[in-house]
Student: 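Structure below; questions to follow.
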Amino acid sequence: MDTQKFIEHWKRTHYCGELRASHIGQQVVLFGWVGNRRDHGGCVFVDLRDREGIAQVVFDPSLAPGPEIPSSPDEIKASYALAEQMRSEWVIAIRGVVVSRGANANPKLPTGEVEIRVVQTEVFNRADTPPFEIVDDLDTREEVRLQYRYLDLRRAPMQKTLRLRHKINQVARNYLTGIGCYELETPFMVKYTPGGARNFLVPSRHNAGKFYALAESPQLFKQLFMVAGFDRYFQIVKCFRDEDFRLDRQPEFTQVDIEMSFVNQDDLFTAVEGLLVRVFRESLGIDLEQSYPGGRFPRMKYDESMRLYGNDKPDLRFGMQHVDLTDLVIEHKGGGVPFLADIAKRYEDGTLRRDLPPEIVKGMIIPADAGMSRTEADKLEVVAKSMGAKGLARAKVAADGAWTQSPLAKTVTPEMRLAINKALGAKDGDLILFQFGKAAMVHTVLANLRVLIAKKLGLIPEYGHGGKFQFLWVVEPPMFDYDEETKRWAAAHHAFTRPHDDSVPFIESDPGKVLCYRYDLVLNGFEIGGGSIRLHDPEVQKKVFRTLGIEQEEARQKFGFLLDALRFGAPPHGGIAIGWDRVAMLLSGAESLRDVIPFPKTQKGTDQMTEAPNEVSAEQLADLHIQTVVAKE
RNA sequence: GGGCACGUAGCACAAUAGGAUAGUGCACUGGAUUGUCGAUCCAGGUUAUGCGAGUUCGAUUCUCGUCGUGCCCGCCA
């Protein structure tokens, strides 16, 4: 076996994927990986692949190039001998002449009109057989792909995705620089602040028993940039959160983080809309201004989003809105349905109140033409139960408005039945789904069912955008959430969000009424961005802390540096963080965040390739002044 | 913390209702082959039922545990 060769005199003239008919007659030097190889005895075809694409190279000693191409018969013969041995994923260099393929052109390849007749060959690496084929439509477990991620990334779709990421980063940098933002860096190793996402901790060798936290976002620091007078900032930055993972959540992920001074919510929206219009135009060639005149995205109030879709990130590519039936049920005193009567009664006697986290009744229709079978509908109940529902009551609507296939049908009063049909707009053959109980549960269940059913019915694809991009700003959420467990009000976003001016009087008297300048940007049912206008008024800030039950002393301890900064001349400011991996995922139509992150982690946070996280030696732990309590095997 | 699903050769999948020597395609190996491009033809099974226990005459199949992976709920200000 030869030793591995290094590059000496070889200089690449072109990428494989860029050769066209215009190159015919030229001498070229290509580097690349051996893809498909077709051996015909007297001649060998090799698909040579690099990041730009594939070119067919021909090893055929019987075809000498013209006198204008320097070559030797010995080199040509040696090349053919090497080609006989070549295998997939060998790394080679070839020198040759570009010739027309004439009638043999391959219309499937961009380079299909030409091929390269080889006159000289070098083998840099005789690769082992890879564990899976390097092909576009790979059908291999993700586990294996992640274990050999460098091979997975060699595949054209992954190359394309990462090129897209490069592109959108470049566009973001250009655009944000263009609107006056500085790209400034913030520390990853920061002080732990309670609340919010769990932090990864980093032990400090120099400070026994103390820890840094990995920043869950640059939030506090970007506000300090505003206080410092930089006016506008952005950063393409990694964030770290030690929470449980999902299809669209990784322990470390990338945000485009933006903060601007002297702006209101509209100014921020304009900036972000402009960014996304540019990103879509320059990466996918899609003109968002066609569907969004002036490049402005629609807005929906948080309350309306919850009412119609059950969450704050509705997928607007399809309908199937929810309908709140609570008032109707109360009015009919439960309409003969025992469990509904129970709720109605408790509203009447005051056990339940609309101004508290309520119990509600909601309905949703699966249209008749969806053709959902009874068996399929039964399966939905299993799904609903897995999300905390006690069941999934349903009723099929007949032509005369009667209900069938339903335990409710026997007892429901005709009056309420018709009222519900009317409220839902139910027609012959429609299937009504009901959900009742704690509002949070009802919303979770119906919101998830809505998306699940839409996928099942083909209203939206299982994965990907299906050519549709539906943006939405969700605005005016409540400032505080009531935590039933601790019986306390908690900041729904964070304690430094600006309340609406007309909400300020309620901060202490009726916190549930307070709305704020928080906003989420939603694309196809994914939250791709979120931010707020910040609260830079120390007096209002004090009220907020009082409602949260945080004493001044405690606030000082937790956020002292920020509170100080806000007193030393803080401009009005606000910002947003855009989940850049999610944007890349939605742009590329990928099935998960892992497909747009070069080296992602599994759902348990492990790296299949490097086997991180791993155990470390007792010496290392001692150096860091820490002990583990996990039993050693 | 909880629910559901999956794990058979390098990869993807199969194996009647618990039954025979665990099969097929691709990949791979050797040979043939001068216009292929998912090349073709001939030949070859190459450390395969994740791991452990149980039930059984007999387990890829059933049960329990465990490990790994995925999806979801909680969580993610």
Side-chain angles (χ1 to χ4, degrees), chain A residues 35-47 54-63 80 84 87-89 101-109 111-112 115 117 128-148 151 193-199 216-217 219 239-251 253 379 382-389 440-441 444-445 447-449 451-452 462-463 477 479-481 483 485 490-497 516 518 527 530-532 548 577 579 591-592 594 601-604 606 608 611:
Chain A
N36 206 347
R37 174 176 156 277
R38 298 171 293 280
D39 183 346
H40 285 257
C43 83
V44 174
F45 300 97
V46 163
D47 291 335
I54 282 174
Q56 171 163 290
V57 299
V58 192
F59 297 85
D60 187 340
S62 74
L63 296 171
Y80 175 73
E84 288 272 82
R87 292 295 181 269
S88 290
E89 304 315 312
R101 292 177 62 172
N104 287 322
N106 183 352
K108 290 185 207 162
L109 289 180
T111 61
E115 65 188 10
R117 203 163 282 167
D128 285 355
T129 303
F132 50 81
E133 294 172 71
I134 311 303
V135 293
D136 292 2
D137 49 346
L138 186 66
D139 196 10
T140 291
R141 250 178 309 154
E142 202 177 356
E143 214 176 325
V144 181
R145 289 173 53 203
L146 291 178
Q147 193 184 341
Y148 300 94
L151 296 180
T193 50
R198 279 190 204 93
N199 293 94
E216 63 195 50
S217 77
Q219 182 62 42
C239 302
F240 306 89
R241 294 182 188 175
D242 188 7
E243 292 294 344
D244 288 354
F245 313 129
R246 290 282 192 285
L247 181 113
D248 61 345
R249 279 157 39 182
Q250 280 273 310
F253 59 98
K379 283 187 193 148
V382 177
V383 178
K385 281 181 175 169
S386 79
M387 291 183 291
M441 184 276 293
T444 297
V445 170
N448 283 300
L449 283 181
V451 173
L452 185 89
E462 186 71 23
Y463 299 105
M479 174 99 182
F480 302 101
D481 280 336
D483 184 336
E485 282 188 16
H493 177 40
H494 65 60
F496 300 95
T497 304
C516 65
R518 151 88 192 171
E527 183 195 318
S532 63
L548 294 173
E591 292 186 10
S592 94
R594 292 182 300 276
K601 298 200 169 38
T602 68
Q603 191 152 42
K604 288 213 175 101
T606 62
Q608 293 293 101
E611 297 183 309

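A, B, ... follow the sequence lines: proteins, then strands. Residue 1 opens every chain.
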Student: If you assign A:S592 and A:D481 each to the RNA chain B nucleotide with the nearest heavy atom, which residue ends up on the more 5' nucleotide?
Tutor: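 Going by which nucleotide is closer to the 5' end, it is A:S592.
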
Student: Across all strands, who's sitting opposite B:A43 as a Watson-Crick or G-U wobble pair, both distances under 3.5 Å?
Tutor: B:U29

Student: Whole angstroms only, please: what is the CZ-P distance between A:R37 and B:G35?
Tutor: 16 Å

Student: Expressed as a whole number of angstroms, how long is the span from A:E84:CD to B:U29:P?
Tutor: 14 Å

Student: Looking at B:A5, I'd like to know if its phosphate oxygens (OP1 or OP2) sit under 4.0 Å from a side-chain N or O belonging to A:S386.
Tutor: no

Student: Can you find a side chain N or O atom of A:N106 that sits less than 4.0 Å from OP1 or OP2 on B:U36?
Tutor: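 Looking at the OP1 and OP2 atoms of B:U36, neither is under 4.0 Å from any side-chain N or O of A:N106.
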
Student: I need the CG-P distance between A:L138 and B:C13, as an integer number of Å.
Tutor: 11 Å

Student: Tell me yes or no: between the side chains of A:Q147 and A:R141, is some donor less than 3.5 Å from an acceptor?
Tutor: no

Student: Could you tell me whether the phosphate oxygens of B:G38, OP1 or OP2, come under 4.0 Å of any side-chain nitrogen or oxygen in A:K108?
Tutor: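 Checking B:G38 against A:K108, a side-chain N or O does come within under 4.0 Å of OP1 or OP2.
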
Student: Just N and O in the side chain of A:Q608: are any of them under 4.0 Å from OP1 or OP2 of B:G68?
Tutor: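 Checking B:G68 against A:Q608, no side-chain N or O comes under 4.0 Å of OP1 or OP2.
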
Student: Polar-atom pairs under 3.5 Å, protein N or O versus N or O of nucleotides 7-10 of chain B: list them with distances, or write none.
Tutor:
residue: B:G10; atom: O2'; partner: A:P131; partner atom: O; Å: 2.4

Student: Please report, rounded to the nearest Å, how far the C1' atom of B:U69 is from the NZ atom of A:K601.
Tutor: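 Checked: the NZ to C1' distance equals 16 Å.
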
Student: Salt bridge or not for A:D47 and A:R38, using N-O below 4.0 Å?
Tutor: yes

Student: Can you tell which of B:C37, B:A12, B:G68 lies closest to the side chain of A:K604?
Tutor: B:G68

Student: With both distances under 3.5 Å as the test, what is the Watson-Crick or G-U wobble partner of B:C37?
Tutor: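 Its partner is none (no Watson-Crick or G-U wobble pair with both distances under 3.5 Å).
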
Student: From the options B:G35, B:U29, B:C28, select the nucleotide whose nearest atom is closest to the side chain of A:E115.
Tutor: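 Closest of the options to the side chain of A:E115: B:G35.
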
Student: Assess whether one donor atom and one acceptor atom, taken from the side chain of A:D60 and the base of B:G35, lie less than 3.5 Å apart.
Tutor: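 Checked by distance alone, the answer is no.
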
Student: For A:E143, answer base if it contacts any base atom (sugar-phosphate contacts may also be present), sugar-phosphate if it contacts only those atoms, and nothing otherwise; contact means non-hydrogen atoms under 4.0 Å.
Tutor: sugar-phosphate

Student: What is the pairing partner of B:C6, taking Watson-Crick or G-U wobble pairs with both distances under 3.5 Å in any strand?
Tutor: B:G68

Student: Let me see the working for A:L109 and A:I54 under side chain to side chain contact (heavy atoms under 4.5 Å, CB included), right down to the final yes or no.
Tutor: CA-CA 8 Å; A:L109 289 180; A:I54 282 174; 4.1 Å; yes

Student: Does OP1 or OP2 of B:C71 have a side-chain N or O of A:Q603 closer than 4.0 Å?
Tutor: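 Answer yes for this pair, as a side-chain N or O of A:Q603 is under 4.0 Å from OP1 or OP2.
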
Student: Is the phosphate of B:G74 approached by A:T444 (side-chain N or O, under 4.0 Å from OP1 or OP2)?
Tutor: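 For A:T444, the contact criterion (side-chain N or O under 4.0 Å from OP1 or OP2 of B:G74) is met.
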
Student: How many whole angstroms separate atom CD of A:E611 from atom P of B:G68?
Tutor: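 Atom-to-atom, A:E611 to B:G68, this comes out as 12 Å.
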
Student: To the nearest Å, how far apart are A:R38 CZ and B:U33 C1'?
Tutor: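 So the CZ-C1' distance, A:R38 to B:U33, works out to 15 Å.
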
Student: Choose from B:U69, B:U36, B:C37 the nucleotide whose nearest atom is closest to any side-chain atom of A:T602.
Tutor: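 Per side-chain heavy atoms of A:T602, the pick is B:U69.
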
Student: Which one of A:V144, A:L146, A:T140 satisfies the side-chain contact (heavy atoms from CB on, under 4.5 Å) criterion with A:E142?
Tutor: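 Single side-chain contact (heavy atoms from CB on, under 4.5 Å) partner of A:E142 among A:V144, A:L146, A:T140: A:L146.
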
Student: Give a yes/no on whether any side-chain N or O of A:R246 is located under 4.0 angstrom from OP1 or OP2 of B:C73.
Tutor: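 So the side-chain polar atoms of A:R246 do come within 4.0 Å of the phosphate oxygens OP1 or OP2 of B:C73, strictly under.
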
Student: Map A:T129 and A:H40 onto RNA chain B by nearest heavy atom, then report which one ends up closer to the 5' terminus.
Tutor: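 In this pair, the answer is A:T129.
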
Student: With both distances under 3.5 angstrom, what nucleotide forms a Watson-Crick or G-U wobble pair with B:U60?
Tutor: none

Student: Can you check the A:N104 CG to B:U34 P distance for me, whole Å?
Tutor: 16 Å

Student: B:G74, OP1 or OP2 - any side-chain N/O from A:R198 closer than 4.0 Å?
Tutor: no

Student: Provide the Watson-Crick or G-U wobble partner of B:A15, both distances under 3.5 Å; none if there is no partner.
Tutor: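 Per the H-bond distance test, none.
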
Student: Take the protein atom CG of A:D244 and the nucleotide atom P of B:C71, then report the distance between them rounded to whole Å.
Tutor: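 To the nearest whole Å, that distance equals 12 Å.
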
Student: So, under a plain 3.5 Å distance rule, would you say the side chain of A:R249 forms a donor-acceptor pair with the base of B:C75?
Tutor: yes

